[in-house]
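Here is the structure we will look at.
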Amino acid sequence: VLLVVFPPMAAMFLRSKPEDIGLAPDGEPPEERTATGTLGGQSPSSKSELSGWTLREAARTPALWVLLAANALMFGIGAGVFFHLVSIVDELQLPLELLPSCFFLPWAMARAVSLVLAGYLLDKTHPRFVLFGGFVLGGATFVVLGWPGTTLTPARAVAISTMWGFSMGFGKATFGVCPAQFFGRRHLGSISGVLQTTNVASTAVGPLVVGMSHDALGSYSPIILVIF
């Protein structure tokens, strides 16, 4: 199915950049269309080349390293907690049969809503404010989740998972637009590739760190508070 269905669909519908189909990126003012239907009277092939920083140039700026660190923290923490989530909620005395309805479902719904909301906010304000909001929500989540003596009631589980879902959604949306907005589109592939590599590496390390901390200290509370 993959070989028969998706390659033809990709060839027919995927394009490298919006200019290839007579459009402009989000946020740029629309150009006047001529009777031929092209932008500004030019065909996509005659438009100027895309601009943007190379990976080497971007690596000389603090912005790239802040993005890499924030990306690694958000997705490494997310993977670490999700990997051990059953053990964490069992330690916090939430019945495991309530985990899907009181945690996974609210988290997924909040993440879906937050992606739409974050997209709107990213069109209106600087990405750092959206990312800051995501980390504030994530920090509040882990304070409640990791506070010593916490018992996870169903209502508290719904509240925590909702906050965490918004946190992850804000982060995901921001990391999706920041590379192009900060460094341009010409070398977006190499810059985004480094971010994705950091993402994958952090999701591999996060569960290991959380597990080692639990084995050494006998509880998930210390590492969750350290994450905060």
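Remember, it's a predicted structure, so these values are computed and weren't measured experimentally. Note: hydrogens, waters and symmetry copies are ignored here, and every other heavy atom, side chains too, is used.
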Do [X] side-chain atoms and [Y] backbone N/O form a donor-acceptor pair below 3.5 Å?
X	Y	value
Ser161	Val158	yes
Ser167	Met163	no
Ser213	Val209	no
Ser202	Asn199	yes

Separation of [Y] [atom2] from [X] [atom1] (nearest 0.5 Å):
X	Y	atom1	atom2	answer
Tyr120	Asp123	OH	CG	9.0 Å
Phe82	Thr203	CZ	OG1	13.0 Å
Phe142	Leu225	CZ	CG	11.0 Å
Leu99	Leu105	CG	CG	11.0 Å
Thr198	Leu73	OG1	CG	11.0 Å
His126	Thr174	NE2	OG1	11.0 Å

Answer yes if [X] and [Y] sit in the same cluster of Ile, Leu, Val, Met, Phe, Trp and Tyr residues linked by side chain heavy atoms under 4.5 Å apart, and no otherwise.
X	Y	result
Phe183	Val177	no
Leu55	Phe182	yes
Phe75	Val136	no
Phe170	Ile160	no
Met212	Val210	no

[X] atom [atom1], neighbour heavy-atom count above 12 within 6.0 Å:
X	atom1	result
Met12	CE	yes
Phe104	CZ	yes
Leu96	CG	yes
Phe83	CZ	no

Could you tell me which non-hydrogen atom of [X] sits nearest to which non-hydrogen atom of [Y], and how far apart they are?
X	Y	answer
Glu91	Ser219	OE2-OG, 3.1 Å
Arg185	Ala180	CG-CB, 4.2 Å
Ile191	Trp53	CD1-O, 3.7 Å
Ala157	Leu94	CB-CD2, 4.0 Å
Ala118	Val130	CB-CG1, 4.1 Å
Thr141	Trp164	OG1-N, 3.5 Å

Distance-only donor-acceptor hits, side chain of residues 60-68, under 3.5 Å, sequence neighbours excluded:
from: Thr61; atom 1: OG1; to: Ala58; atom 2: O; distance (Å): 2.6
from: Trp65; atom 1: NE1; to: Ala59; atom 2: O; distance (Å): 2.7

>> Pair Arg111, Lys172 - check side-chain contact (heavy atoms from CB on, under 4.5 Å), show working.
In response: CA-CA 9 Å; Arg111 192 171 186 269; Lys172 180 67 174 177; 3.7 Å; yes

>> Measuring only between side-chain heavy atoms, which start at C-beta, is Leu145 closer than 4.5 Å to Leu92?
In response: yes

> Yes or no on side-chain contact (heavy atoms from CB on, under 4.5 Å) for Met168 and Ser114, after CA distance, side-chain angles and deciding distance?
Replying inline: CA-CA 8 Å; Met168 296 292 288; Ser114 66; over 6 Å; no

>> With side-chain contact (heavy atoms from CB on, under 4.5 Å) as the criterion, how do Phe166 and Leu117 come out once you've worked through the C-alpha distance, each side chain's angles and the decisive distance to 0.1 Å?
In response: CA-CA 9 Å; Phe166 270 91; Leu117 177 60; 4.3 Å; yes

Can you give the donor-acceptor pairs under 3.5 Å from side chains of residues 147-154 to other protein atoms, not counting sequence neighbours?
from: Thr150; atom 1: OG1; to: Val144; atom 2: O; distance (Å): 3.2
from: Thr150; atom 1: OG1; to: Trp147; atom 2: O; distance (Å): 2.6
from: Thr153; atom 1: OG1; to: Arg156; atom 2: N; distance (Å): 3.2

>> If the condition is ring pair (Phe, Tyr, Trp, His ring centres under 6.0 Å), which residues does Phe103 pass it with, not counting sequence neighbours?
In response: none

